[in-house]
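Just below is one structure, and these are the notes that go with it.
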Amino acid sequence: QQQLALSVFDQANQETLARTCGDNIARFKERFEALQHQSKRTAYRLRRPDSGYHVMAFRDDRTLGNVDSLQWSQSLMNKGVYAIPGHDFGYHHNDSFCFRISLATEHDEKKLRMAFEQPLPS
């Protein structure tokens, strides 16, 4: 880990590092646009990330406090879909129900659709 940290700041690696970062940013933007397209006909709205590579998908018709998030997650896991609700990321009882989507992963469209369509249990 120390060698990795040192290599990031080594001037000899700056061109490669800049190209890698640029490629990642372009890929994340492309994936965000694809997610926006997939979420258009759902009850969710996506919040564009201002840092990092995760997107939060929000439903304004329910709050985290009135959804059984564990049951929601378990139901999706039984289908091979792993989604983490917003309360694990600092969102609170009164916040809109939400879950996190990584832009670093190319998602299976069918599985992502299952997450958007999974009913919210009370």
Side-chain angles (χ1 to χ4, degrees):
Q1 287 177 337
Q2 291 173 340
Q3 284 302 115
L4 176 62
L6 289 172
S7 69
V8 167
F9 295 104
D10 186 335
Q11 290 300 315
N13 298 326
Q14 292 307 300
E15 186 177 320
T16 301
L17 186 61
R19 185 175 52 253
T20 300
C21 287
D23 291 348
N24 283 339
I25 290 168
R27 187 171 30 259
F28 297 161
K29 284 181 178 181
E30 183 178 305
R31 288 183 180 157
F32 180 79
E33 289 172 10
L35 287 171
Q36 273 191 311
H37 180 73
Q38 280 188 282
S39 69
K40 276 192 179 185
R41 293 176 188 84
T42 72
Y44 289 91
R45 64 178 169 82
L46 302 182
R47 181 176 293 164
R48 182 180 296 277
D50 57 4
S51 63
Y53 52 90
H54 294 97
V55 173
M56 295 303 288
F58 290 90
R59 280 188 65 154
D60 294 323
D61 60 335
R62 302 283 292 278
T63 64
L64 282 167
N66 67 18
V67 172
D68 185 339
S69 296
L70 185 59
Q71 183 181 346
W72 180 84
S73 293
Q74 185 63 52
S75 186
L76 284 169
M77 280 192 276
N78 292 341
K79 299 173 186 175
V81 178
Y82 300 95
I84 304 170
H87 68 270
D88 288 344
F89 303 102
Y91 292 92
H92 302 286
H93 188 76
N94 292 327
D95 291 325
S96 294
F97 178 81
C98 57
F99 68 97
R100 187 170 87 161
I101 305 169
S102 173
L103 294 172
T105 303
E106 192 165 338
H107 298 281
D108 176 293
E109 191 173 324
K110 182 179 175 186
K111 288 183 177 183
L112 187 59
R113 190 170 45 253
M114 281 190 246
F116 284 135
E117 294 173 357
Q118 179 66 32
L120 297 181
S122 298

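What you see is a predicted model, and the numbers here were worked out from it, not measured in a lab. Starting from 1, each residue takes its place in the sequence as its number.
- Interatomic distance, Asp88 CG to Arg100 CZ, rounded to the nearest 0.5 Å: 9.0 Å.
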With a cut-off of 3.5 Å and sequence neighbours excluded, list every side-chain donor-acceptor pair involving residues 111-118.
{"unit_1": "Lys111", "atom_1": "NZ", "unit_2": "Gly80", "atom_2": "O", "d": "3.3"}
{"unit_1": "Gln118", "atom_1": "OE1", "unit_2": "Lys79", "atom_2": "NZ", "d": "2.9"}
{"unit_1": "Gln118", "atom_1": "NE2", "unit_2": "Ser75", "atom_2": "OG", "d": "2.9"}

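- A 4.5 Å side-chain heavy-atom check between Ser69 and Phe97 finds at least one atom pair inside the cut-off.
- Across all their heavy atoms, Ala83 and Ser73 have their closest contact at O-OG, 3.4 Å.
- Comment: Arg59 engages Asp61 in a salt bridge, judged by a side-chain N to carboxylate O separation of less than 4.0 angstrom.
- Residues Asp10 and Leu17 are not in side-chain contact: their nearest non-hydrogen atoms beyond the backbone lie 4.5 Å or more apart.
- A distance of 10.0 Å separates CG of Leu64 from NE2 of His92, quoted to the nearest 0.5 Å.
- Residue Thr42 comes nearest to Ser39 through the heavy atom pair OG1-O, 2.7 Å, listed as atom of the first residue, atom of the second, then distance.
- Side-chain contact between Thr16 and Arg19 is present, with at least one heavy-atom pair separated by less than 4.5 Å.
- Separating the CG atom in Leu76 from the CD atom in Gln71 is a distance of 11.0 Å, to the nearest 0.5 Å.
- Atom CG of Asp60 is separated from atom OH of Tyr44 by 11.0 Å, given to the nearest 0.5 angstrom.
- Between Phe99 and Trp72, the ring planes are tilted. Angles from 30° to 60° get that label.
- With respect to Arg62, the side chain to side chain contact (heavy atoms under 4.5 Å, CB included) criterion is satisfied by exactly one of Ser122, Ser96, Cys98: Ser122.
- Atom CG of Leu35 sits about 11.0 Å away from atom CZ of Arg48, to the nearest 0.5 Å.
- Asn13 places a side-chain N or O within 3.5 Å of a backbone atom of Ser7 that can act as its donor or acceptor partner.
- Between Phe89 and His54, the closest side-chain pair of non-hydrogen atoms is not below 4.5 Å.
- The ring-ring contact (aromatic ring centres under 6.0 Å, His included) analysis of residues 4-25, with sequence neighbours excluded, yields no pairs.
- Going from atom CG of Leu46 over to atom NE2 of His37 covers 12.5 Å, rounded to the nearest 0.5 Å.
- Looking at Glu33, its side chain never comes within 3.5 Å of a backbone N or O of Phe28 through a donor-acceptor pair.
- Listed by first then second residue, pairs satisfying salt bridge (Lys or Arg N to Asp or Glu O under 4.0 Å) with a partner in residues 22-31 read Arg31-Glu106, not counting sequence neighbours.
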